[in-house]
Amino acid sequence: MTEETYSEKIMSRSIDPAALEMLARAEELGFETAWDRLEAMLPQCGFGELGICCRNCNMGPCRISPFEEEGPKVGVCGATADIIVARNLIRMIAGGAAAHSDHGRDIAHTLLLTAEGKGGGYEIKDEAKLKALAAEYGIETEGRSKEEIALDLARAVYAEFGKQEGPIQFTRRAPEKRVALWQKLGVDPRGIDREIVEIMHRTHIGVDNDPVNLILQGIRASISDGWGGSMIATELSDVLFGTPTPIRSRANLGVLKADEVNIVMHGHEPTLSEMIVAAAQDPEMIALAERYGAKGINVVGMCCTGNEVLMRHGIPIAGNFLQQELAVITGAVEAIIVDVQCIMPALGALSGCFHTKLISTSPKAKFPGATHIEFHEEHAYDIAKEIVRTAVENYRFRKPGQVHIPDEKTECMVGFSVEAIVAALGGTLDPLLEAIKSGAIRGIGAVVGCNNPKIQHDYGHVRLLEELIKNDVLIVTTGCNAIAAAKAGLMLPEAAEQAGEGLKGVCQALGIPPVLHMGSCVDISRILVACAAIANALGVDISDLPAAGAAPEWMSEKAVSIGTYVISSGVFTVLGTVPPVLGSPVVTELLTQGANDVIGAVFAVEPDPFKAAKLMIDHIEEKRAALGI
Ligand code: SF4
Ligand code: MSK
């Protein structure tokens, strides 16, 4: 089958040729994917879409009629649509902030074990960053071993989660004006866990029933994610595994190999994926693979854990969120190894139709149909080896007749941590600031987030990026958007050809792509750090910068927390899918207009990537005019 022969239905689902090929294959073989399940779900619940259903107590469930005349306008307790929508929204923020921050806590735990000499194979790779972070925390570094420093740092960071009074140290990286604003509004977070717990308390029946007060708590918890839990995850991952530097790799399903053991690592935390990468290089494992007739062991990534090892080791990435099922349908995957977040429970049943083993590893995340091999940092390398061995031994059960791997794999250049960007600029931000001031670069676009079958796969991401770079907007990206960009060839220095003249000149002079891969979802914290550095260099707040954010295909609760901390940091953000808030005029107005007067930024919702680009560019131009540049 070729693209010309695909049905209209298939063509409407993705713009990625590899995904289209596998979707056609899935249809031919009768396998169901997320797109089919969405179709079966239609029409989706209108109350849910508007955010006006509540089951926070057992007098409910209650739902508010959105129609003028008929139907109830309050729940059994008297809660209005505004109250219900605000409560539901901030519970989404709590879910997202909890996910990111628990990830950060796990990394802090790994650092602690490593410092105590109990980390089963981990070591401190970036001593310079360790010392810089220690200095931020006021920890003595002179004449001390890296383990001693790391122990103090891990304990100090660990304490951030359970702190009662604040401040969370990394929030002080934000420009002074921003911190002062947070303090004035009473949203400067006190402790990471505390803010999440307080959301759950306030949204219990009969507690906080003021929509604005509820949203302010959502803002406080989201800041504790972006400038707290997520930033901790990023910074300590760099200490343990190394701060990313530019490296070349490949992206898309074509990175799977027909004659090797294919291991797909999917999920989020680098503690697992780093060790799998190491164990797959173990000569004993390679010899075992050869004994089973494979030419080697091919480890590839998926979603954000894939981004982590892509950025640090150049491990190829097989795809983004909506490609997880498609990878299994290639019939060439011996094991899909998962930890936490964004892993579809559908993978278990689907893997059962192939020889593929779905291997769950986290005590927090078990899946139907999975083989559970629990991962503990104390024995990390040994467990990783056991997992790799399980994958290798599965190679003999591969059914050659089922194997179908698309050819697509695109070259990419990744690894743009803030440190790497500064290095590419020659050691200071000045060339970037000059390019912004001269107008060669009009502004910065932070484009991030998931896939969502409600939007044609990768269409929202890729078209938005193309449009922005054409208009001289330099892009920083993470998560599944970054993977879409890599697959589309936008992460090569040659992609500068597609950029406007100004951006093209800057990229060519520096040898960088116009779309810079800054990492996984938690690494949006790197974007915050970059924004703070630029704002500080210009002597302004982040909300004054010619910068705009977007999440064209977002779907997860983490994305709700991210969007909220991004606007709370002062960056206007365009969402490609509609959040469940339209049932409340008060919340909708606050998020799309009122917040401007409070935190200096708002959300807009625009599914059309061309119109979204226009909104972002207009915003950037407005900010340039206000700065007088
Ligand atoms: Fe209904 Fe109020 Fe209970 Fe929600 S909290 S389910 S609106 S009675
Ligand atoms: S993996 S949160 S689908 S970006 Fe981080 Fe992708 Fe969104 Fe998950």
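Keep in mind it's a predicted model, so treat the numbers as computed, not measured. Order of appearance sets the numbers: ligands from 1, and atoms from 1 within every ligand.
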*Asks:* Decide whether E274 and H313 meet the rule of one side-chain donor and one side-chain acceptor closer than 3.5 Å.
*Replies:*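 Yes, a side-chain donor-acceptor pair sits under 3.5 Å.
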*Asks:* Side-chain donor-acceptor pair under 3.5 Å between W227 and S569, yes or no?
*Replies:*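 Yes - a donor-acceptor pair under 3.5 Å links their side chains.
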*Asks:* Indicate, as side chain, backbone, both or neither, the part of C480 found under 4.0 angstrom from ligand 2 when only non-hydrogen atoms are considered.
*Replies:*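 Under 4.0 Å from ligand 2, C480 contributes backbone and side-chain atoms.
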*Asks:* Which ligand 2 atoms does C342 reach within 4.0 Å, using its non-hydrogen atoms?
*Replies:* 1 (S), 2 (S), 3 (S), 8 (Fe)
*Asks:* Of the non-hydrogen atoms in D339 and S362, which two are nearest, and what is the gap between them?
*Replies:* O-CB, 3.9 Å
*Asks:* Hey, looking at atom 7 (Fe) of ligand 2, which of C450, S520, A559 has the closest heavy atom?
*Replies:*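 It is C450 whose heavy atom sits nearest to atom 7 (Fe) of ligand 2.
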*Asks:* Give the residue, atom name and distance (to 0.1 Å) of the protein heavy atom nearest atom 5 (S) of ligand 1.
*Replies:*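 Here the nearest protein heavy atom works out to R87 NH2, 3.6 Å.
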*Asks:* Any salt bridge between R13 and D36, counting N to O under 4.0 Å?
*Replies:* yes
*Asks:* Look at atom NZ of K73 and say whether more than 12 heavy atoms of other residues, nucleotides or ligands are closer to it than 6.0 Å.
*Replies:* yes
*Asks:* Using a strict cut-off of 4.0 Å, indicate which atoms of ligand 2 neighbour a heavy atom of C304.
*Replies:* 1 (S), 5 (Fe)
*Asks:* Among T33, N252, N451, which one satisfies side-chain hydrogen bond (donor to acceptor under 3.5 Å, both in side chains) with Q323?
*Replies:* N252
*Asks:* Under 3.5 Å, is there a donor on one side chain and an acceptor on the other for D225 and S561?
*Replies:*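 A donor-acceptor contact under 3.5 Å links the two side chains.
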*Asks:* For C521, counting its heavy atoms only, list the atoms of ligand 2 lying under 4.0 Å from any of them.
*Replies:*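 Counting atoms of ligand 2 from 1, those under 4.0 Å from C521 are 2 (S), 4 (S), 5 (Fe).
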*Asks:* Which of the atoms in ligand 2, numbered in the order shown and given with their element, are less than 4.0 Å from a heavy-atom of F321?
*Replies:*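 Contacts of ligand 2 toward F321, numbered from 1: 3 (S).
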*Asks:* Atoms of ligand 2 less than 4.0 Å from C303 heavy atoms?
*Replies:*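 Those atoms are 1 (S).
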*Asks:* Hey, is M555 touching ligand 2 through its side chain, its backbone, both or neither, going by heavy atoms under 4.0 Å?
*Replies:*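 Side chain only.
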*Asks:* Please say whether the positively charged group of R312, taken as NZ for Lys or CZ for Arg, lies over the ring of F241, i.e. under 6.0 angstrom from the six-membered ring centre and within 45 degrees of the axis.
*Replies:*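 No, R312 does not lie over the aromatic ring of F241.
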*Asks:* For A81 and I52, work out which heavy atoms get closest and say how close.
*Replies:*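 So the minimum-distance heavy-atom pair works out to CB-CG2, 3.8 Å.
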*Asks:* May I ask you to list the atoms of ligand 2 that are less than 4.0 angstrom from any heavy atom of S556?
*Replies:*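 Contacts of ligand 2 toward S556, numbered from 1: 2 (S).
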*Asks:* Check atom 3 (Fe) of ligand 1 and write out every protein N, O or S atom at under 2.8 Å, as residue and atom.
*Replies:* C57 SG
*Asks:* Donor-acceptor check, side chain of N209 to backbone of V207, threshold 3.5 angstrom: yes or no?
*Replies:* yes
*Asks:* Restricting to N, O or S, what is the name of the atom of H268 that lies nearest atom 5 (Fe) of ligand 2?
*Replies:* NE2
*Asks:* For the backbone of E70 and the side chain of S65, can you confirm whether one donor and one acceptor N or O come within less than 3.5 Å of each other?
*Replies:* yes
